[in-house]
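Residue numbering restarts at 1 for every chain, and letters A, B, ... go by the order of the sequence lines. Computed from heavy atoms alone, side chains included, the values below leave out hydrogens, waters and symmetry copies.
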2 protein chains.
Amino acid sequence: MEGQISKTSAVEAKAGTASAEGGKGARGSQSLADRLFLTLRSEIVEGRIAAGSKISEPELARRFDASRGSLREALMRLESLSLIERKVNVGARVVDLTERGLLEIYDVREALEGMACRLAAQNRSEEDLGELRQMLHRHEQQEELQKGTAYFQPEGDFDFHFRIVQASHNDLLIDTLCNKLYYRVRMYRYQLGMASPRAHRAFREHSHIIEAIEAGDGELAEILMRRHIRASRSNIENKLSKQN
Amino acid sequence: MEGQISKTSAVEAKAGTASAEGGKGARGSQSLADRLFLTLRSEIVEGRIAAGSKISEPELARRFDASRGSLREALMRLESLSLIERKVNVGARVVDLTERGLLEIYDVREALEGMACRLAAQNRSEEDLGELRQMLHRHEQQEELQKGTAYFQPEGDFDFHFRIVQASHNDLLIDTLCNKLYYRVRMYRYQLGMASPRAHRAFREHSHIIEAIEAGDGELAEILMRRHIRASRSNIENKLSKQN
DNA sequence: ACCCTATAAAGTGTCGACAATCTGAAGTCG
DNA sequence: CGACTTCAGATTGTCGACACTTTATAGGGT
């Protein structure tokens with residue numbers, strides 16, 4: 001007994017912001033609760049629903065012209081992403097953005113993305129390598145274009161990490177990072193607005209990581225990725241300690 | 001006779017995001033959906049509801065004398081643990097136990113528990129060290145008692161990994177492992193019935209890991225834990241390849 | 001015998017309403 | 001004047017019913 005592989009998870013990882021308004025044009029096999037979930041996720045990540053604010057089920061239900069039942073399903077999915085917290089008989093609140101929470105995310109990312117690099121190097125396919133090289137080339141041109149200014153915003157960085165993880169071919173890892181953790185990462189980036197000021201350095205580091213993956217050197221790829229993330233963490237840490 | 005609540009002795013997790021709420025939460029989590037969730041989780045983990053089997057909402061609702069609404073909430077929570085999979089307009093199935101899925105879990109655990117060890121060594125408190133030593137002592141006596149026979153079943157091993165993760169003091173890490181991933185690990189252990197045949201070796205490895213944490217050597221602790229988990233993974237891998 | 005179509009059955013998605021609980025303010029007593 | 005009790009308002013948890021989709025079954029055509 002073996003064989004059946006659950007490809008179900010990694011598919012949904014679309015970064016594209018779904019239509020903010022309830023334009024019912026969507027064809028498809030997605031439920032109302034599904035659409036509510038996607039919309040609310042965007043609003044929370046982008047801060048249109050403030051971090052730490054209370055969520056009123058009746059109010060949101062009226063706003064989206066849906067029943068409380070469907071809305072509750074959306075809220076529970078948001079809870080499973082740790083974007084909101086629910087207490088019984090009290091209600092739901094958007095999570096707070098804390099310094100500690102952000103640093104904790106970095107530690108987890110260091111571990112998981114390091115492993116993703118190792119696996120990507122071990123299981124590398126010509127197809128993955130092609131996409132990675134292509135992406136790096138795009139980013140290089142972007143960087144040439146706007147010298148020094150933030151390396152195409154955080155989006156370029158996101159793109160990089162996203163594809164590396166995909167190349168690991170470990171569905172659990174992909175799901176944990178791309179479908180769960182990354183939404184909270186984006187929430188921090190949007191709302192604490194940290195455009196990485198490590199433009200050139202970050203690009204070079206990305207480049208070296210992909211080289212290691214190409215060479216099939218999983219150990220090196222892991223080390224480089226962990227160092228890359230830890231540098232980013234230190235950077236944030238300094239920034240935050242100065243702010244206070 | 002229904003066991004109702006999981007008798008997960010030493011292994012009961014605390015919800016994530018330990019906000020400094022002074023009074024011990026202590027309030028019974030008395031939502032009906034909550035109880036259904038706990039009951040179903042046990043039944044799935046222990047295999048009383050077979051892996052891969054279809055789940056009928058009306059049938060389960062009748063069986064527990066609850067409405068479909070409450071049951072659906074429980075099911076969605078199970079989905080967020082990856083214990084069941086739901087497809088729109090089709091229904092829910094208990095996840096399959098696949099060789100690939102099991103190995104993927106080991107890779108993720110290697111990354112996360114390795115990091116947990118590193119953090120535990122960095123943030124070690126006298127309280128945590130005391131508990132770890134005490135636990136190790138208990139396990140040692142257990143081992144003396146039943147020489148060689150499976151090191152107090154997998155429970156001892158579980159206890160070890162559980163407490164190490166707690167000692168990391170990273171709430172995200174704790175939540176990811178203890179409140180999410182470990183239930184699937186337990187599901188595999190119960191149903192593929194793999195009592196680790198690495199009794200003495202596992203105990204010695206545990207011992208060395210805790211020594212490294214005591215010494216504050218995060219790097220060594222991480223390396224040892226990763227080696228420990230990788231050995232367990234290889235062990236399983238061999239076992240499975242022989243079975244086929 | 002096979003394939004396609006149409007109908008019936010079952011199951012899921014969604015909704016509105018009722019009951020239990022919590023929050024907050026007014027009122028009372030020391 | 002302050003602390004406790006009481007009560008009203010609002011919110012969450014739970015339920016049963018209805019609409020739509022999927023699936024299984026039976027029938028007819030080639």
Q: Please report, rounded to the nearest Å, how far the C1' atom of C/dT14 is from the CD atom of A/E73.
A: 10 Å
Q: Between the main-chain N or O of A/M225 and the side-chain N or O of A/E113, is there a donor-acceptor pair closer than 3.5 Å?
A: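 Checked: no pair found.
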Q: Should A/R233 and A/E110 be marked as a salt bridge (Lys or Arg N to Asp or Glu O under 4.0 Å) after you check the CA-CA gap, both sets of side-chain angles, and the distance that decides it?
A: CA-CA 9 Å; A/R233 189 197 135 120; A/E110 178 184 334; over 6 Å; no
Q: Are any side-chain N or O atoms of A/Y188 and backbone N or O atoms of A/E99, one a donor and one an acceptor, separated by less than 3.5 Å?
A: no
Q: Would you check if A/L112 and B/L112 make a side-chain contact, meaning some heavy-atom pair closer than 4.5 Å?
A: yes
Q: What is the distance, rounded to the nearest whole Å, between atom CZ of B/R86 and atom P of D/dT22?
A: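 For the pair B/R86 CZ and D/dT22 P, the rounded distance is 15 Å.
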Q: Can you check whether B/R72 has a side-chain N or O nearer than 4.0 Å to OP1 or OP2 of C/dG13?
A: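 Answer is yes, contact under 4.0 Å.
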Q: Summarise how protein sits on nucleotides 15-21 of chain C as a single string, 5' to 3': B when a protein heavy atom is under 4.0 Å from the base, S for sugar-phosphate-only contact, - for no contact.
A: B-B---S
Q: Rounded to the nearest Å, what distance is computed from the NZ atom of residue B/K87 to the C1' atom of nucleotide D/dT23?
A: 14 Å
Q: Can a side chain N or O of B/K54 be found less than 4.0 Å away from OP1 or OP2 on C/dT12?
A: yes
Q: I need the residues from residues 55-63 of chain A with at least one non-hydrogen atom less than 4.0 Å from DNA chain D; give them sorted by number, or say none.
A: A/I55, A/E57, A/P58
Q: Pick from A/Q191, A/R189, A/R186: which one makes a side-chain contact (heavy atoms from CB on, under 4.5 Å) with A/V45?
A: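 Looking at A/Q191, A/R189, A/R186, the match for A/V45 under the side-chain contact (heavy atoms from CB on, under 4.5 Å) is A/R186.
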Q: If you apply the rule side-chain contact (heavy atoms from CB on, under 4.5 Å), what do you find for A/I55 with A/V94, and how did you get there?
A: CA-CA 7 Å; A/I55 288 181; A/V94 180; 3.9 Å; yes
Q: Rounded to whole Å, how long is the line connecting atom CZ of B/R93 with atom P of C/dT12?
A: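 Spelled out: CZ on B/R93 to P on C/dT12 is 11 Å.
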Q: Nearest to the B/V90 side chain among D/dT22, C/dC22, C/dT14, which nucleotide is it?
A: D/dT22
Q: Is there a donor-acceptor contact under 3.5 Å from the side chain of B/E73 to the main chain of B/A33?
A: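 Flag not set: sc B/E73 to bb B/A33 has no pair under 3.5 Å.
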Q: Just by distance, do the side chain of B/R124 and the backbone of B/A121 share a donor-acceptor pair under 3.5 Å?
A: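 Present.
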